[in-house]
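These numbers come from a predicted model, not from an experiment. All values below were derived from every heavy atom in this structure, side-chain atoms included, with hydrogens, water molecules and symmetry-related copies excluded. Chain A is the first sequence line, chain B the second, and so forth, proteins listed ahead of strands; every chain is numbered from 1.
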Amino acid sequence: MQNNTAEKLDVNRYLLDGLNPEQREAVITLDKALLVLSGAGTGKTKVLTTKIAYIIENGYAFPSQILAVTFSNRAAREMKERIFNMTPGADAVWLGTFHSICAKILRNNADLIGLSNNFTIIDTDDQLKLIKQILKELNVDKKVANHVANAISRWKDKCIRPNDPRVDATSIEGKIYAIYQERIFSYDSVDFGDLLMYVVRIFKENAHILQKYREKFRYILVDEYQDTNMSQYMWLRMLSPIGAGLCCVGDDDQAIYSWRGAEVGNILRFEKDFMNTKIVRLERNYRSVGHILGAAASLIAKNATRLGKTIWTDGDSGEKVIIQRAYNGFDEAKIVAEKIEKLRKDSVAFGQMAVLVRAGFQTREFEERLIAYGIPYKVVGGLKFYDRQEIKDLIAYMRLIYQTNDSLAFERIVNIPKRGIGASAFSKLHTRAIERNISLFQASKEILGENSLRPLVTESLTTFIKFIESMRGQKDLPPAQIAKIILDETGYMNVLTNEKTLESQTRIENLKELLIALEDFEDLPTFIEHVSLVTDSKRNSTDDVVSLMTLHSAKGLEFEAVFLAGWEEGVFPHSMSLQEGNLEEERRLAYVGITRAKKYAFITYAMNRKVYNQWQSDLPSRFLAELSTEHVVHSKGKTGR
DNA sequence: CGATAGTTGCTTTTT
DNA sequence: GCAACTATCG
């Protein structure tokens with residue numbers, strides 16, 4: 001890693017020459033705790049990736065001494081690719097989401113909190129199932145399950161354990177939390193919140209472990225710092241090298257995740273929290289034309305709590321933001337579809353267009369219209385590949401083979417495909433598992449030993465248990481092979497093949513696709529870790545299709561043309577946010593939406609909309625009036641009626 | 001036990 | 001308007 005000065009000069013010319021002065025400063029400042037306030041479209045990814053390459057190429061640290069944390073897997077993947085292009089050895093950089101990094105650390109230290117090192121990570125679905133189960137045991141209405149799940153997640157976001165005085169142990173939520181935590185622990189499983197909470201706990205209780213990681217990571221880079229929650233913040237503070245080596249990048253104007261525990265306060269407090277700090281503002285926008293940027297800026301200026309940035313561009317002022325009224329939701333979709341066709345004729349690629357909506361269900365009417373018009377599209381972040389029933393079933397088998405105590409996986413597939421183990425048999429297993437505080441797998445073996453089940457049930461349960469055990473003997477086979485054996489031997493594939501419906505056809509297709517994806521994984525643990533933490537199947541590819549997605553999932557992306565639909569009071573800003581008094585976050589969401597556009601931004605709103613299958617009339621969103629009139633134009637185009 | 005018909009409640013946003 | 005859950009019967 002010894003470079004002489006002349007070489008350094010060359011390296012840095014190569015790395016830094018394309019950067020503006022602020023970007024360059026953000027890259028080369030290494031001796032301070034640095035906060036980069038990066039406006040939309042100002043090149044923060046470029047800064048982050050260049051900074052990593054800069055550290056490596058100049059020999060300030062080995063790749064393995066750099067920790068780079070992102071919020072989404074997509075961002076991590078993008079960053080990885082870009083660093084690869086700049087510097088060799090980038091694989092050794094610790095780059096990933098908070099959750100994936102924590103999973104890695106936790107796996108190496110699981111014994112310290114009494115977990116095995118092959119614990120499984122459960123998703124929101126399993127979490128909810130478990131909570132419903134507990135509610136049932138306590139004879140509480142299952143309606144509150146979502147609410148309780150949310151409360152538990154919020155506690156975990158703050159590293160608050162069930163026995164913490166801040167948890168009211170007499171409340172339903174508090175009671176469930178205690179049982180839930182005990183139960184999930186006995187399954188040798190953790191949920192998303194646990195990943196952070198446990199690692200923070202390990203760091204707190206084991207000074208030498210913390211010390212080890214503090215010495216390891218010379219440089220820590222954090223993307224989307226405005227979206228960190230309390231536990232992530234605690235984690236960072238413990239790990240951060242004092243007064244230097246930390247670089248947080250974020251934009252308080254794009255803080256849109258308070259509902260999942262993110263605290264904008266973290267970014268607002270940065271200077272107080274860390275010693276020897278420096279703030280660099282990136283305000284020069286390279287993405288959007290002047291009118292779009294102007295419209296976005298006029299909107300976000302209405303927010304009171306801001307660190308304050310003035311984004312500017314010296315590019316073209318371009319087209320104004322077009323606002324168009326529609327008679328109803330169907331007409332809105334029609335207007336958008338026709339605009340898409342027109343832009344396509346003006347040679348804007350489909351892949352450079354996106355329809356952004358406030359809530360997931362809104363994509364449907366657009367889908368229908370786009371299908372009718374023959375416009376290719378994809379729903380981003382909608383139904384996720386790994387969330388499909390058949391995929392989850394197969395993965396549950398793999399989880400159970402990997403970790404027999406994973407009772408949530410056991411429950412999912414003990415009777416799939418149907419093998420005669422119905423509700424009453426299952427409840428016997430369940431009761432035993434609870435009584436003896438053992439897993440369903442162990443409970444099954446116990447009960448089978450007592451020979452108290454009906455003969456047919458005994459037989460099929462025995463076959464099931466034996467199958468899992470025999471697979472455990474082969475768990476070192478390549479995951480694709482394991483999957484094939486499961487699908488064949490359990491009869492899962494047969495059942496689907498015999499069904500011969502359209503649905504079963506797509507299920508088979510999905511499973512085949514999974515088998516192909518499995519080829520990329522060397523062993524079972526690696527794959528299971530991957531599915532637990534990665535929500536999308538990676539073939540996002542470069543298909544030339546229109547993207548449909550929520551505003552939340554659009555963060556970090558950019559398109560030539562963006563359609564912002566459903567700007568009506570109650571839809572956007574969403575009625576729940578209005579009730580909660582969270583208007584500023586909705587406005588930031590609007591800001592994120594507009595700033596995704598490079599050249600064209602269209603905003604539409606409908607006067608009437610069908611909600612719950614009932615027509616209601618809506619008022620235009622208040623945000624429309626907040627857009628500076630010099631940057632917008634109201635289209636007089638037909639409203640579809 | 002499993003298939004079927006009937007009932008409910010749901011829609012903010014996600015790692 | 002639909003998915004997910006519940007009750008009922010063979």
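The nucleotide whose nearest atom lies closest to any side-chain atom of A:Glu580 is, among C:dC5, B:dT12, B:dC1, B:dT12. Closest approach to the A:Arg260 side chain among B:dG9, B:dT14, C:dC2 is made by B:dT14 (side chain taken as heavy atoms from C-beta onward). Taking every side-chain heavy atom of A:Ser553 into account, B:dT14 is the closest of B:dT14, B:dT15, B:dC1. Of the listed nucleotides (B:dT15, C:dG1, B:dT11), C:dG1 has the atom at the smallest distance from the side chain of A:Arg364. The side chain of A:Ser424 has B:dC1 as its nearest neighbour among B:dC1, B:dT15, B:dT14. For A:Met576, taking side-chain heavy atoms from C-beta onward, the closest of the listed nucleotides B:dA3, C:dT6, B:dT12 is B:dT12.
Each of A:Lys334, A:Arg609, A:Lys610 was evaluated against A:Glu365; a single residue qualifies, A:Arg609, per the side-chain hydrogen bond (donor to acceptor under 3.5 Å, both in side chains) test.
Considering only side-chain N and O atoms, A:Lys132 lies under 4.0 angstrom from the phosphate OP1 or OP2 of C:dC5. In this structure, A:Ser577 does not reach the B:dT13 phosphate: none of its side-chain N or O atoms is under 4.0 Å from OP1 or OP2. For B:dT13, neither phosphate oxygen OP1 nor OP2 lies less than 4.0 angstrom from any side-chain nitrogen or oxygen of A:His552. Dashed line: the shortest gap from a side-chain N or O of A:Lys143 to OP1 or OP2 of C:dC5 is not under 4.0 Å.
Counting to the nearest Å, the P atom of B:dT13 and the CG atom of A:Asn150 are 13 Å from each other. Atom CG in A:Asn146 sits roughly 11 Å away from atom P in C:dC5 (whole-Å rounding). Between A:Lys610 atom NZ and C:dC2 atom C1' there is a gap of 13 Å when expressed in whole angstrom units. Here the P atom of nucleotide B:dT13 and the CZ atom of A:Arg154 are 14 Å apart, to the nearest Å. Atom-to-atom, CZ of A:Arg388 to P of C:dA3 comes out at 14 Å; the value is rounded to the nearest Å. With rounding to whole Å, A:Phe98 atom CZ is found 15 Å from B:dT14 atom C1'. Atom CZ of A:Phe71 and atom C1' of B:dT14 are 12 Å apart (whole Å). To the nearest angstrom, C1' of C:dC5 lies 15 Å from CD of A:Gln133.
Side-chain atoms of A:Arg358 and base atoms of B:dT12 include a donor and an acceptor less than 3.5 Å apart. For B:dT13, the base has a donor-acceptor partner in the side chain of A:Trp259 [N/O atoms by modelled type, under 3.5 angstrom]. Residue-to-nucleotide contacts include a donor-acceptor pair under 3.5 Å from the side chain of A:His99 to the base of B:dT15.
Using a 4.0 Å heavy-atom cutoff across all strands shown, A:Phe361 reaches at least one base atom of the nucleic acid.
Between A:Phe464 and A:Phe410, the distance from one ring center to the other falls under 6.0 angstrom.
Sequence order on DNA chain B of the closest nucleotides to A:Gly422 and A:Ala359 puts A:Gly422 first from the 5' end. Between A:Tyr257 and A:Asn415, the residue whose closest nucleotide on DNA chain B is further toward the 5' end is A:Asn415.
The same atom, P, is picked in B:dT13 and in C:dA4; the two are 15 Å apart, to the nearest Å.
The side-chain tip of A:Arg107 points at the ring of A:Phe119 from less than 6.0 angstrom away and within 45° of straight on. In this structure, A:Arg260 forms a cation-pi arrangement with A:Tyr257, its terminal cationic atom sitting closer than 6.0 Å to the ring centre and no more than 45° off the ring axis.
A salt bridge does not link A:Asp251 with A:Lys44: none of the charged nitrogens is closer than 4.0 Å to a carboxylate oxygen.
Ring geometry for A:His530 versus A:Phe521: interplanar angle of 30 to 60°, hence tilted.
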